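Only heavy atoms go into these numbers, but all of them, side chains included; no hydrogens, no water, no symmetry mates. Quick caveat, the model's predicted, so the values are computed rather than measured.
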Amino acid sequence: ILGKIKYADISQRGKGSIETQLVRKDGKILDILLNSVPLDPTDLTSGVTFTVLDITGQKGTEKALLDSEQRSRNLIKTSPMGIFIYQLNEAGDLILMEANPATENILGFDTASFIGQRHKDIFPNVSDTELPERFKNAAVSGESWSTTDLYYNDEQIAGAYDITAFQVAPGQVAVMFSDITARKQTEQKLRVSEEKHRTIFQNIQDVYFEMAPDTTILEVSPSLSRI
């Protein structure tokens with residue numbers, strides 16, 4: 001069968017080339033590239049020259065690369081964090097190439113429908129932030145960047161976000177983010193509560209003190225000095 005395929009290639013293209021496998025005497029399977037050229041292109045019956053190139057290592061490298069890419073794709077797809085991947089084009093615009101399912105869950109709109117569009121068109125108020133330059137720098141220089149305190153709002157979304165940007169290939173940047181709005185609101189409520197407690201503590205007329213389990217006095221209200 002292989003011979004028929006090779007001669008068909010030679011008759012159509014003047015030469016033949018096919019990847020196949022051979023089994024050595026010790027049972028090891030080799031990936032090979034089999035090339036064939038006729039001795040006389042006008043007369044195939046005159047004979048054919050075959051050359052065999054062992055490409056086992058190359059095929060192993062290709063498979064490892066494909067496996068690695070598939071693992072990365074699975075991680076992106078299943079990540080609970082939102083992940084956008086942008087390509088920086090010649091005009092200096094960040095073009096959305098990929099958006100994982102978590103981006104839609106976090107932001108509340110169909111992010112996949114924006115693939116192929118510019119970052120600044122998807123998030124119109126982004127020009128008011130440092131994000132565009134940070135993302136572009138990561139795409140070009142490979143320098144990662146992150147922030148845990150970015151607030152953003154437009155007609156579609158509003159909230160606080162934890163963001164990390166890093167290069168995934170020359171000219172490409174991955175942006176990972178999570179919504180920390182609820183956490184920020186809780187932190188603000190805690191600050192207000194602590195300030196309220198501090199105000200009461202500083203102005204209470206009765207003596208108030210806090211004591212550790214070992215009876216160590218931790219804090220005493222200023223009213224003690226007025227007794």
- Decide yes or no for Val173 and Ile85: does some side-chain heavy atom of the first lie under 4.5 Å from some side-chain heavy atom of the second?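 Not in contact.
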- Query: Under 4.5 Å between any side-chain heavy atoms of Ile157 and Tyr152, yes or no?
  - Reply: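 SC-SC contact between Ile157 and Tyr152 confirmed.
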- Task: Given ring pair (Phe, Tyr, Trp, His ring centres under 6.0 Å), test Tyr151 with Tyr161 step by step and report yes or no.
- Result: CA-CA 6 Å; Tyr151 291 85; Tyr161 300 92; 8.8 Å; no
- Message: Same cluster or not: Leu107 versus Met176, using hydrophobic residues (I, L, V, M, F, W, Y) connected whenever any side-chain heavy atoms lie under 4.5 Å apart?
- Response: no
Once salt bridge (charged side-chain N to carboxylate O under 4.0 Å, His left out) is applied, do any residues pair with [X], and if so which ones, sequence neighbours excluded?
{"X": "Glu130", "value": "Arg134"}
{"X": "Lys63", "value": "Asp67"}
{"X": "Glu19", "value": "Lys59"}

Taking only residues two or more places apart in sequence, or in another chain, which ones meet [X] in a side chain to side chain donor-acceptor pair (under 3.5 Å)?
{"X": "Ser113", "answer": "none"}
{"X": "Gln167", "answer": "none"}
{"X": "Asn89", "answer": "none"}
{"X": "Thr78", "answer": "none"}

Of all pairs that satisfy salt bridge (charged side-chain N to carboxylate O under 4.0 Å, His left out), the ones with a partner from [range], not counting sequence neighbours:
{"range": "residues 94-108", "result": "Arg73-Glu98"}
{"range": "residues 112-121", "result": "Asp93-Arg118, Asp93-Lys120, Arg118-Asp121"}
{"range": "residues 26-38", "result": "Arg24-Asp26"}

- Task: State which residues pass side-chain contact (heavy atoms from CB on, under 4.5 Å) with Ser144; sequence neighbours excluded, sorted by chain then number.
- Result: Phe166
- Query: Taking only residues two or more places apart in sequence or in another chain, which ones pass ring-ring contact (aromatic ring centres under 6.0 Å, His included) with Phe177?
  - Reply: Phe84
- Crowded around Gln21 CD? As in, over 12 foreign heavy atoms under 6.0 Å? yes
